[in-house]
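Worksheet for the structure shown next.
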Number of protein chains: 2
Amino acid sequence: MSGVRERARVATTTEIVRLAREQMAAEGAAALSLRAIARDMGMVSSGIYRYYASRDELLTALIIDSYERLGAVAEAADQAVRRRSDHRARLRAMAGAIRQFAIDSPSEWALLFGTPVPGYAAPQDTIGPATRYTLVLVELLGDIARSGVRHDFAVPRAMRADLVRLHDVFGLEVPAPTIALGLTAWAAIMGAVSLELFGHLHNVIDQPGALFDAVVDHYATVLAP
Amino acid sequence: MSGVRERARVATTTEIVRLAREQMAAEGAAALSLRAIARDMGMVSSGIYRYYASRDELLTALIIDSYERLGAVAEAADQAVRRRSDHRARLRAMAGAIRQFAIDSPSEWALLFGTPVPGYAAPQDTIGPATRYTLVLVELLGDIARSGVRHDFAVPRAMRADLVRLHDVFGLEVPAPTIALGLTAWAAIMGAVSLELFGHLHNVIDQPGALFDAVVDHYATVLAP
DNA sequence: AGACAAATGTGAGCACCGCTCTCGCTTTTT
DNA sequence: AAAAAGCGAGAGCGGTGCTCACATTTGTCT
């Protein structure tokens with residue numbers, strides 16, 4: 001156990017992932033080529049398949065890794081706000097970190113939130129890491145609720161059962177209107193970042209980041225008055 | 001002029017687009033294959049290039065067409081609301097039509113708002129049709145403003161210059177806070193639809209459409225109180 | 001009506017892709 | 001020391017976008 005081979009294997013897989021990220025950053029996620037990675041490693045193309053059984057498997061590994069990193073930056077941004085009761089600052093920090101992640105590595109953002117790769121179905125392994133960054137928002141909503149803030153929002157009928165389930169199964173102690181508004185904020189943040197990143201704002205406004213600012217400002221006042 | 005040849009050419013290009021849509025619906029936008037289209041038409045693969053010089057050119061044609069259709073459904077939904085002063089109903093109708101478009105043809109939605117195809121840069125031809133569906137929202141915002149509603153929203157600094165430009169260049173007579181909030185609503189709607197369509201809600205809530213409902217409800221009260 | 005040119009389709013070919021399989025070689029386990 | 005498992009090489013299959021020389025069809029102009 002823990003022989004030369006194992007260490008070599010870890011090194012090889014790490015190198016594959018590194019080259020995959022490099023290639024993804026340069027050419028986009030859909031252009032990821034196992035053959036090119038093998039070529040860069042001085043290996044014959046079939047050798048890659050000893051480490052990743054298919055292109056989808058490598059994609060899954062990259063996706064999980066990206067979700068973890070996104071979760072990590074969101075958590076770090078939230079934790080960096082010293083005054084924990086400054087909920088607006090925490091929302092701004094969290095959302096800003098998510099946007100910065102997208103700007104820093106657009107290919108990763110596209111991998112996570114862009115068009116699903118055709119024929120690729122996200123396996124179970126991804127759903128855990130995928131929810132990590134959303135938990136930061138849920139935590140914040142909990143703190144807002146605990147501070148006594150109550151939101152006046154008529155929760156849509158279709159959402160009520162889900163919120164009851166979240167309460168019963170996950171022990172979520174946040175009022176339904178707060179969660180519902182929080183999910184709305186989540187959608188708006190994700191939408192603003194994606195619209196900005198995918199270039200849909202260039203023909204509307206000159207400073208694409210302004211839409212993000214507006215979204216965050218709006219929800220800062222809505223969620224943490 | 002207007003000879004047999006021209007009609008045959010139109011028929012062929014139409015057939016190509018039809019088959020492309022079919023294929024896209026079945027396998028996703030990124031899996032679109034010129035060879036497969038040629039095969040379906042009983043033509044040798046190189047023949048396609050007489051009609052579309054490249055895969056990207058065909059994609060551009062599909063994108064423009066999809067933008068036009070999205071714009072058309074949004075316009076139709078808005079126009080179908082008889083009481084023009086019922087701004088909430090118009091917002092719901094417009095947003096609902098956009099969501100329905102996405103659900104009906106997810107591959108088209110992915111083509112417009114998903115990951116940009118790697119190496120593909122949207123040419124100038126697309127920006128006109130691309131803005132058509134947003135004009136429906138802008139029109140609505142104008143009617144809301146003209147009805148006397150004033151929104152209390154601090155427009156982000158980065159957005160002010162853009163809104164001034166929209167006013168000066170396009171003659172947009174809508175107060176800045178209204179436009180800013182409207183753009184926020186736009187981001188939220190797009191985000192909710194994309195999150196739902198790309199399957200990012202399945203692990204959060206059971207009824208993915210509920211988030212969309214919440215978003216629309218929220219902005220109905222915010223924009224048209 | 002006939003000549004000419006443009007439009008159209010053909011088939012071979014290039015370079016790439018994901019992926020499979022077999023064959024030796026090496027490291028690890030028994 | 002023998003058996004097993006892991007690994008890289010190489011050939012090969014079927015697919016892709018795209019180019020090019022060639023033949024054929026078709027519309028137009030003299």
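Naming convention: chains lettered A, B, ... in sequence-line order (proteins, then strands); numbering from 1 in each chain. Treat the numbers as computed from the prediction; the structure is a model and nothing was measured.
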* How long is the line joining CD1 of A:I48 and P of D:dA9, in whole Å? -> 11 Å
Can you give each donor-acceptor pair under 3.5 Å made by side-chain atoms of residues 95-111 of chain B, sequence neighbours left out, with the distance rounded to 0.1 Å?
from: B:R99; atom 1: NE; to: B:E196; atom 2: OE1; distance (Å): 3.0
from: B:R99; atom 1: NE; to: B:E196; atom 2: OE2; distance (Å): 3.3
from: B:R99; atom 1: NH2; to: B:E196; atom 2: OE2; distance (Å): 2.8
from: B:Q100; atom 1: NE2; to: B:D104; atom 2: OD1; distance (Å): 3.1
from: B:S105; atom 1: OG; to: B:F101; atom 2: O; distance (Å): 3.2
from: B:E108; atom 1: OE1; to: B:S66; atom 2: OG; distance (Å): 2.7
from: B:E108; atom 1: OE2; to: B:R69; atom 2: NH2; distance (Å): 3.2
from: B:W109; atom 1: NE1; to: B:S194; atom 2: OG; distance (Å): 3.1

* To do: Starting at atom OH of B:Y49, determine the distance to atom P of C:dT10, rounded to an integer number of angstrom.
  => 15 Å
Would you give me the side-chain donor-acceptor pairs under 3.5 Å for residues 180-189 of chain A, sequence neighbours excluded?
from: A:T184; atom 1: OG1; to: A:A180; atom 2: O; distance (Å): 2.9
from: A:W186; atom 1: NE1; to: A:Y133; atom 2: OH; distance (Å): 3.3

* Structure fact -> Of the listed C:dG18, D:dG10, C:dC16, the closest approach to the A:R39 side chain comes from C:dC16
* Roughly how many Å is it from CG in A:D40 to P in C:dC17, rounded to a whole number? -> 10 Å
* To do: Locate the shortest heavy-atom distance separating B:A36 from B:Q23; write the atom from each residue and the value.
  => CB-NE2, 3.4 Å
* Check salt bridge (Lys or Arg N to Asp or Glu O under 4.0 Å) between A:R165 and all other residues, then give those that pass, not counting sequence neighbours. => A:D162, B:D206
* Quickly work out the B:D56 CG to D:dT16 P distance and round it to whole Å. => 17 Å
* Structure fact -> By side-chain hydrogen bond (donor to acceptor under 3.5 Å, both in side chains), B:Q79 pairs with (sequence neighbours left out) none
* To do: Could you tell me whether A:Y51 contacts a base, only the sugar-phosphate backbone, or nothing, with contacts defined as non-hydrogen atoms closer than 4.0 Å?
  => sugar-phosphate
* Nearest whole angstrom, please: distance from the C1' of C:dT26 to the CD of A:E6. => 16 Å
* Structure fact -> Separation of C:dT27 atom P from A:R7 atom CZ, nearest Å, is 13 Å
* Name the nucleic acid region contacted by B:S46, choosing base, sugar-phosphate or nothing; use a 4.0 angstrom heavy-atom cut-off, strictly under. => base
* Counting any heavy atom closer than 4.0 Å, what does B:L32 reach on the DNA or RNA strands: base, sugar-phosphate only, or nothing? -> sugar-phosphate
* To do: Answer with base, sugar-phosphate or nothing: what part of the nucleic acid does A:S45 contact at a heavy-atom distance below 4.0 Å?
  => base
* To do: Any chance you could lay out the salt bridge (Lys or Arg N to Asp or Glu O under 4.0 Å) test for A:E6 and A:R9, step after step, and finish with the verdict?
  => CA-CA 5 Å; A:E6 273 189 35; A:R9 185 172 183 84; over 6 Å; no
* Does the D:dG17 base have a donor-acceptor partner in the side chain of B:R35 within less than 3.5 Å? -> yes
* To do: Mind checking the CG-CG spacing from B:L19 to B:L34? Nearest 0.5 Å is all I need.
  => 11.5 Å
* Quick one: B:M43 CE to D:dT24 C1', roughly how many Å, whole number? -> 14 Å
* To do: Using heavy atoms and a sub-4.0 Å distance, could you list which residues of residues 14-25 of chain B are near DNA chain D? By number, please.
  => none
* Asked: Measuring from B:I179:CD1 to B:L172:CG, what's the distance to the nearest 0.5 Å?
  -> 4.5 Å
* Treat primed atoms plus P, OP1 and OP2 as sugar-phosphate and everything else as base, then score nucleotides 1-6 of chain D 5' to 3': B for base contact with protein heavy atoms under 4.0 Å, S for sugar-phosphate contact only, - for none. => ----BB
* Output the distance between atom CZ (A:R7) and atom OG1 (A:T12), rounded to the nearest 0.5 Å. => 12.5 Å
* To do: Starting at atom CD of A:E27, determine the distance to atom C1' of C:dC16, rounded to an integer number of angstrom.
  => 13 Å
